[in-house]
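Report on one structure; see the data block that follows.
Since we're looking at a predicted model, the values are computed, not measured.
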Amino acid sequence: PLKDPYYCPMCLLEYENWYPRRNRTKRFAASALPHCHMSRYIERMVTYRIHKGVRDAQIKAMQMDNGTAPPGDENNHDDFTNARFKVPKMTVRVVMSKNDINDVHQSMMKRYKCLDYPQEFPFQNKCILLFQEIHGVDVLIFGMYVQEYDHECPAPNNRSVYISYLDAVKYFRPGKLRTTIFWEVLISYFSYVRERGFAYGFIWACPPDKGDDYILHCKPENQKTPNNARLQKWYQDLLDVAEGRGLIYCTRSLWDTYFAKKDDPYQRLLRGEEGTKAGSSVGVGRANQIVHKGGSQNSKGGKHGGKNGG
């Protein structure tokens with residue numbers, strides 16, 4: 001006989017709606033993964049934010065109630081306005097933290113060799129995951145990879161963090177708080193690294209192509225991939241919330257910082273101003289493309305730096 005017989009998951013859910021039962025002991029629990037200072041900080045902030053969102057919605061529903069509203073159903077996982085709603089458990093863990101080296105591309109070295117540009121940038125690569133307990137099972141909801149360049153890293157990447165990859169699935173409950181909680185993970189991370197002495201944070205808003213995935217290879221069929229404009233607005237709204245809460249000082253785009261004046265980064269380096277950032281894996285590829293394009297145009301007799309400013 002089989003030790004673990006197969007049970008139809010949809011049949012089990014329907015059965016539980018009619019005959020509630022205690023959750024079985026989880027064989028694999030996210031809470032059993034090792035904790036660290038960062039995961040504790042982010043988990044505490046995320047737990048506070050979801051409890052606050054649920055409580056605020058319940059208070060608003062009570063104020064709007066004229067006595068005719070039916071009693072809430074605790075089995076309805078999206079109706080969090082009733083007092084019987086049980087806030088699901090949130091778990092945050094840092095599942096990877098390793099030292100790595102970002103090698104500088106030859107085109108960058110050739111362009112900035114007269115300025116003693118570093119050949120490599122050491123950094124710490126980390127993976128942060130968010131789990132939510134759904135029907136007694138810890139479900140991976142959100143994940144992101146970050147790169148941390150500390151004070152010992154050579155300029156211009158020192159004291160900088162980069163959001164390399166970010167991915168999520170829409171299983172989060174309640175669904176109306178999904179964006180708020182995903183924002184809280186990033187805001188809490190920026191707040192934590194700021195306290196550790198990091199001064200700059202960079203996000204590359206680049207949605208994956210259709211059929212590609214950054215981290216999670218399985219997603220619901222009805223989950224849509226945002227376009228460039230929608231993703232940029234999602235990040236900008238996130239940064240506005242963080243700036244309003246005083247957790248970050250200011251926000252600027254790479255265009256406003258480096259290219260708005262149509263000034264070649266090479267000339268800014270010669271004047272002793274801040275150099276071109278070469279950090280995240282996505283940003284590095286784009287920077288190399290720009291430098292290669294500029295070099296090709298220069299070889300054809302074009303202006304120094306090319307159309308895109310180098």
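- Of the inter-residue distances, the one linking Ile42 atom CD1 with Thr91 atom OG1 reads 13.0 Å to the nearest 0.5 angstrom.
- Counting heavy atoms from C-beta outward, Ser160 and Phe202 have side chains that approach closer than 4.5 Å.
- Taking OG of Ser164 as the start and CD1 of Ile203 as the end, the distance is 11.5 Å to the nearest 0.5 Å.
- The minimum heavy-atom distance linking Phe182 with Ala168 is given by the pair CE1-CB, 3.6 Å.
- For the pair Glu243 and Thr251, the tightest heavy-atom approach, listed with the atom from each and the gap, is OE1-OG1, 3.7 Å.
- Donor-acceptor pairing under 3.5 Å is recorded for the side chains of Tyr41 and Ser191.
- Shown here are the ring-ring contact (aromatic ring centres under 6.0 Å, His included) partners of Phe123, two or more places apart in sequence or in another chain: Tyr149.
- Looking only at side-chain heavy atoms (C-beta outward), Pro154 and Pro122 come within less than 4.5 Å of each other.
- Counting heavy-atom neighbours within 6.0 Å of Arg230 CZ, excluding the residue itself, gives a total of 12 or less.
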Could you please spell out the steps behind the side-chain contact (heavy atoms from CB on, under 4.5 Å) verdict for Val185 and Val92?
-> CA-CA 9 Å; Val185 176; Val92 177; 5.5 Å; no

Using the side-chain contact (heavy atoms from CB on, under 4.5 Å) rule, take Ile163 and Met144 through it: C-alpha gap first, then chi angles, then the decisive distance, then the call.
-> CA-CA 7 Å; Ile163 306 298; Met144 66 177 182; 4.3 Å; yes

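- Within the 4.5 Å cutoff, side-chain heavy atoms of Gln119 are placed close to those of Met109.
- The existence of a salt bridge linking Lys219 and Asp167 is confirmed by a sub-4.0 Å separation between a basic side-chain nitrogen and an acidic carboxylate oxygen.
- Shortest non-hydrogen contact noted between Val161 and Glu148 is CG1-CG, 3.9 Å.
- The minimum heavy-atom distance linking Pro118 with Ala155 is given by the pair CG-O, 3.8 Å.
- Using a 4.5 Å cut-off on side-chain heavy atoms (C-beta onward), Met90 and Phe131 make no contact.
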Stepwise side-chain contact (heavy atoms from CB on, under 4.5 Å) test for Arg159 and Asp150 | CA-CA 5 Å; Arg159 299 176 63 198; Asp150 59 17; over 6 Å; no

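- Note on Leu166 and Met96: same hydrophobic cluster, where clusters join Ile, Leu, Val, Met, Phe, Trp and Tyr whose side-chain heavy atoms are under 4.5 Å apart, directly or indirectly.
- Nearest heavy-atom pair across Ile187 and Leu247 is CG2-CD1, 3.3 Å.
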side-chain contact (heavy atoms from CB on, under 4.5 Å) between Arg178 and Ile141: does it pass, once the steps are laid out?
-> CA-CA 10 Å; Arg178 180 172 61 247; Ile141 299 292; 5.9 Å; no

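- The number of heavy atoms from other shown groups lying within 6.0 Å of NZ (Lys110) does not exceed 12.
- Atom CG of Asp100 sits about 5.5 Å away from atom NZ of Lys98, to the nearest 0.5 Å.
- In this structure, NZ in Lys126 is found 3.5 Å from CE in Met38, a value given to the nearest 0.5 Å.
- Using a distance-only test at 3.5 Å, with no hydrogens or angles considered, no donor-acceptor pair links the side chain of Asn125 to the main chain of Gln147.
- Under a hydrophobic-cluster definition in which Ile, Leu, Val, Met, Phe, Trp and Tyr are linked whenever side-chain heavy atoms come within less than 4.5 Å, directly or via other members, Val95 and Tyr165 are assigned to the same cluster.
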Return all side-chain donor-acceptor pairs below 3.5 angstrom for residues 47-57, not counting sequence neighbours, or 'none' if the list is empty.
from	atom 1	to	atom 2	distance (Å)
Thr47	OG1	Glu43	O	2.8
Arg49	NE	Glu184	OE1	3.2
His51	ND1	Thr47	O	2.9
Lys52	NZ	Asp56	OD2	2.9

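- Looking at Gln132 and Val139, their side chains never come closer than 4.5 Å, going by heavy atoms from C-beta outward.
- Note: Leu186 CG to Tyr235 OH = 6.5 Å, rounded to the nearest 0.5 Å.
- For Asn157 against Cys153, the heavy-atom pair with the smallest separation is CB-SG, 4.0 Å.
- A heavy-atom distance below 4.5 Å is found between the side chains of Trp183 and Asp237.
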Can Gln232 and Asn228 be said to form a side-chain hydrogen bond (donor to acceptor under 3.5 Å, both in side chains), step by step?
-> CA-CA 6 Å; Gln232 291 175 11; Asn228 286 323; 5.3 Å; no

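- Contact annotation: the side chain of Tyr117 approaches that of Val104 to within less than 4.5 Å [non-hydrogen atoms, C-beta and beyond].
- Taking the side chain as every heavy atom from C-beta outward, Leu130 and Ile181 approach each other to under 4.5 Å.
- Distance CZ/Arg194 to OH/Tyr189: 14.0 Å, rounded to 0.5 Å.
- Formation of a donor-acceptor pair under 3.5 Å by the Arg93 side chain with backbone atoms of Ser31 is found in this model.
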